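Here the structure is laid out as structure tokens; the discussion comes afterwards.
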Amino acid sequence: MGLLSRTLWPLRQSAIKTKFHMSTAAGVATSPAQATSHPRTSPPSPSPNTLNPLSKTMPPGFKASVAHLPTFPLPPTITSSASDHALGNALVDAWRRDGIIQIAMDSTQRQLWADAKAASRAFFGRPHAEKAACVDSQSYAGYIASGEEITDGIVDYSEIFTITKDLGVEDPRVRAGWPGHGPCPWPDAGMKGVMKRFEGRMGEEGEKLLTLAELGLGVPEGALTGYTRDGWHHTRVLRFPPRNATNGKGKKGRGIGSHTDYGLLVIAAQDEVGGLFIRRPNQDEKFANWEKSAAGLNEDDDSWVYVPPVDGVHTVILGDMMQYLTRNYLTATPHKVGLNKRERFAIAYFHEPSFQAVLKPLEGGCGGMAQQSADIEGVHYGTHITNMFMRNYPDRITTRRLVAENRYSLLKRPELRTMCATTA
Ligand SMILES: O=C(O)CCC(=O)C(=O)O
Ligand SMILES: [Fe+2]
């Protein structure tokens, strides 16, 4: 790492001014507003379908401004070259300003997304009984029916296939009963192959983005990526029904309620239908999802930003652990999904710390950081994510078994809080 990494990182923005060229998003480049040098959001649009061409896919019944985001291409490999530093700075700036970034898919990623979307359609098109059979009593992987997931006490209409680390029953962590550790109940080998390839590539993207974030924050190499060794990465394959075809269990028009996600990064792809809303970073809005659930936060107010679908991009928002590590310099991005006139498909990949990681806030300072401050207890990611699963799926077979077998108490054990330990 060069000189820049020794910058006192909270002051980085004023210390480093580097220009970075971003491409405009495919599909919106011809919009006249795109020509402005810092297009971000347009003001709240009371009648979205008439005022702003980017808002024409916004689900009915929502009031929000519309994001108009730059798209960043990622280089094939990250070094600590000047251009990588500049890109890292630009990404950190964009997250702090917009709460979300767009990165360009290359041709392989486009193909992986097309294959994953086709596999998702095929899976969700199966009879309910076949989908419902895809559950596991030890892992939270598998099928979540529309109306099953709970966010802030209200059911979501999303229909989901969750992929967690796919561990066989012979894995020592599974044998020892670690919460959430178990096999992924795949419906068939075809979906397994497609999703594993998709997830593998997303994992590479996640590591690249964390490395760039380290450069942009001016923290030493490994300050973020050191936590993702054997990361508890997971993926949610999502289908949202059309707003007029729900099962009447939830809140009208709602796909997923307002929430922040749990780890470091959420890298997502959405089809052309539209439904995602986010909140921009706001110093007056205080939340810390690892201390108290931020689900439901300001769900019905007007300060939401609609993220229109853009062909050929992944969006990247930040999770709770990025907020915790950076002491709110980067904040987790609150988001929600509205139901649209047509069904919508999306896939969200979660780039996470190791289940065993105990995270400590990064301390900026010339010459490096004292990352493992002995006096700070830190946040155990495994406990944070287990709390989420238990809260969101209180009636799932996995939660019932976890409670019945008192597996939650294992989370206090040293071997579940020591990275790289794989046996209990
Ligand atoms: O559907 C989307 O675009 C986002 C989904 C989401 O927020 C989630 O799965 O946590
Ligand atoms: Fe989310």
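Since this is a predicted model, take the numbers as computed values, not measurements. Only this structure's heavy atoms are used, side chains among them; waters, hydrogens and symmetry mates stay out. Just follow the structure's listing: the first ligand is 1, and inside any ligand the first atom is 1.
Listed by atom number, the atoms of ligand 1 under 4.0 Å from L238 heavy atoms are 1 (O), 5 (C), 9 (O). Within the listing of ligand 1, atoms 1 (O), 2 (C), 4 (C) sit less than 4.0 angstrom from a heavy atom of V337. The contact set between ligand 1 and A346, taken as ligand atoms under 4.0 Å from a residue heavy atom, comprises 1 (O). Shown in contact with F240 at under 4.0 Å from a heavy atom are these atoms of ligand 1, numbered in order with element: 1 (O).
Q102 and T71 share a side-chain donor-acceptor pair at under 3.5 Å. Checked by atom type, the side-chain pair E352/Y227 shows no donor-acceptor distance below 3.5 Å. Side-chain contact, N289 with H259: no donor N or O sits under 3.5 Å from an acceptor N or O. A donor atom on one side chain and an acceptor atom on the other are found under 3.5 Å apart for N387 and Y408. With no hydrogens or angles considered, no side-chain donor-acceptor pair links T315 and Q270 at under 3.5 Å.
The part of F350 lying near ligand 1 is the side chain, judged by heavy-atom distances below 4.0 Å. With a heavy-atom cut-off of 4.0 Å, D261 touches ligand 1 through its side chain alone. In R344, the part holding a heavy atom less than 4.0 Å from any atom of ligand 1 is the side chain.
The Fe ion (ligand 2) is closest to atom OD2 of D261 (considering only N, O or S atoms).
The shortest N/O to N/O separation between H259 and ligand 1 falls below 3.5 Å.
Geometrically, R407 does not engage W178 in a cation-pi contact, judged by NZ or CZ lying under 6.0 Å from the ring centre and within 45° of the ring axis.
Remark: distances from the non-hydrogen atoms of R236 to ligand 1 include one below 4.0 Å.
In this structure, K292 places its NZ atom where only 12 or fewer heavy-atom neighbours from other residues, nucleotides or ligands lie under 6.0 Å away.
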Legend entry - Check against salt bridge (Lys or Arg N to Asp or Glu O under 4.0 Å), E272 and R342: CA-CA 10 Å; E272 72 290 352; R342 290 194 286 144; 3.6 Å; yes

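An angle of 90° is found at the Fe ion (ligand 2) between H259 atom NE2 and H335 atom NE2, rounded to 10°.
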